[in-house]
Amino acid sequence: MRENACLIKSYIRIDHIMIFKYCPGCGAKLTSQDLGDDKDVPWCGHCAKPWFPVFPVAMIALVYDDEGNVLLLRQNYISEKFCNLVSGYLIPGESAEECAVREIYEEAGLIVEKLTPVTTNWFAKKDMLMVGYFAKVGNAPLKLSTEVDDAFWCSKEKILDFLSDKPYSTSRLLAREFLRLAELS
């Protein structure tokens with residue numbers, strides 16, 4: 001019974017980051033060990049295994065069509081003021097690319113023709129890693145999921161007007177890069 005009690009409280013959560021105190025594998029109390037350049041890594045002596053902090057990973061995609069218009073979503077549960085790009089959490093066992101294709105189809109009903117990795121960005125507000133893509137889609141009608149309140153195609157010249165101006169906004173970071181590359185072509 002005592003082992004089960006340890007497993008129930010086997011980690012400390014700091015916002016969205018899990019830092020393990022007990023081994024998720026065997027329930028033993030973890031010690032601290034230096035592993036090469038990594039200092040004070042939670043270590044299970046019984047399993048001879050490190051337990052690095054765990055944090056969420058999400059994908060975000062700037063979806064654009066044949067004319068260079070960008071898909072903007074209104075999702076009031078995220079923001080009632082600003083629009084968003086397509087995003088979503090990775091499912092265990094899924095690659096970031098698979099997540100991007102899945103989320104674009106789930107949220108907008110669109111098929112990705114070309115997916116280009118652009119950036120990774122630490123989203124400090126939610127303690128998560130965001131993996132950013134450009135996603136080219138063909139011209140097709142939108143089929144919105146129930147988590148999307150509205151969506152529309154926006155000319156690239158106006159996209160920054162609809163996105164958050166916060167310095168940590170991954171949407172804005174992707175949009176700026178999209179505009180920079182459009183100027184170069």
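This structure is a prediction, so every number in the text was calculated from the model and none was measured.
- Distance check: W153 CH2 to L72 CG gives 9.5 Å after rounding to the nearest 0.5 Å.
- Sorted by first and then second residue, the salt bridge (charged side-chain N to carboxylate O under 4.0 Å, His left out) pairs with a member in residues 131-143 read D66-K136, E113-K136; sequence neighbours excluded.
- Hydrophobic clustering keeps W122 apart from L173 (ILVMFWY residues linked when any side-chain heavy atoms are closer than 4.5 Å, directly or through intermediates).
- When the side-chain contact (heavy atoms from CB on, under 4.5 Å) test is applied to T146, no partner is found at least two apart in sequence or on another chain.
- For the pair A135 and L115, the tightest heavy-atom approach, listed with the atom from each and the gap, is CB-CD1, 3.8 Å.
- Applying the salt bridge (charged side-chain N to carboxylate O under 4.0 Å, His left out) rule to pairs touching residues 78-99 yields E94-R102, sequence neighbours excluded.
- Both L73 and V137 are part of a single hydrophobic cluster, where members link through side-chain heavy atoms under 4.5 Å apart.
- With rounding to the nearest 0.5 angstrom, the OG atom of S171 is 5.5 Å from the CG atom of L163.
- Using a 4.0 Å cut-off between charged side-chain N and carboxylate O, E183 and R180 make no salt bridge.
- In this structure, CD1 on I159 lies 11.0 Å from SG on C83, to the nearest 0.5 angstrom.
- In this view, R176 satisfies the salt bridge (charged side-chain N to carboxylate O under 4.0 Å, His left out) rule with no residue, not counting sequence neighbours.
- Partners of N84 under the side-chain contact (heavy atoms from CB on, under 4.5 Å) rule, at least two apart in sequence or in another chain, are Q75, I78.
- As a member of the Ile/Leu/Val/Met/Phe/Trp/Tyr network built from side-chain separations under 4.5 Å, I111 groups with Y105.
- Looking at every heavy atom in both residues, S155 comes nearest to N69 through CA-OD1, 3.4 Å.
- In this structure, F134 and L174 approach most closely via the heavy-atom pair CE2-O, 3.6 Å.
- Of all heavy-atom pairs spanning G68 and F178, the tightest one is O-CE2, 3.9 Å.
- In terms of the side-chain contact (heavy atoms from CB on, under 4.5 Å) criterion, residue partners of F123 (sequence neighbours excluded) are, by chain and number, K125, K126, M128, M130, Y168.
- Side-chain N or O atoms of R74 include none that pairs as donor or acceptor with a backbone N or O of D149 at under 3.5 Å.
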Distance-only criterion, 3.5 Å: show the donor-acceptor pairs between side-chain atoms of residues 40-64 and protein atoms not counting sequence neighbours.
from	atom 1	to	atom 2	distance (Å)
D40	OD1	S32	OG	3.2
W43	NE1	Q33	OE1	3.3

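- For the pair G36 and K39, the tightest heavy-atom approach, listed with the atom from each and the gap, is O-NZ, 3.2 Å.
- The list of ring-ring contact (aromatic ring centres under 6.0 Å, His included) pairs with a residue in residues 65-98, not counting sequence neighbours, is empty.
- L179 contributes atom CG, which lies 11.0 Å from atom CG of L184 (distance to the nearest 0.5 angstrom).
- With sequence neighbours excluded, the residues satisfying ring pair (Phe, Tyr, Trp, His ring centres under 6.0 Å) with F152 are F162.
- One distance of note links CG of L85 with CD of E107; it measures 10.5 Å at 0.5 Å rounding.
- Here S87 pairs with nothing under the side-chain hydrogen bond (donor to acceptor under 3.5 Å, both in side chains) rule; sequence neighbours left out.
- Although no hydrogens or angles enter the test, the distance criterion places a donor-acceptor pair under 3.5 Å between the side chain of S164 and the main chain of K166.
- To the nearest 0.5 Å, atoms CG (L71) and CD1 (I104) are separated by 8.5 Å.
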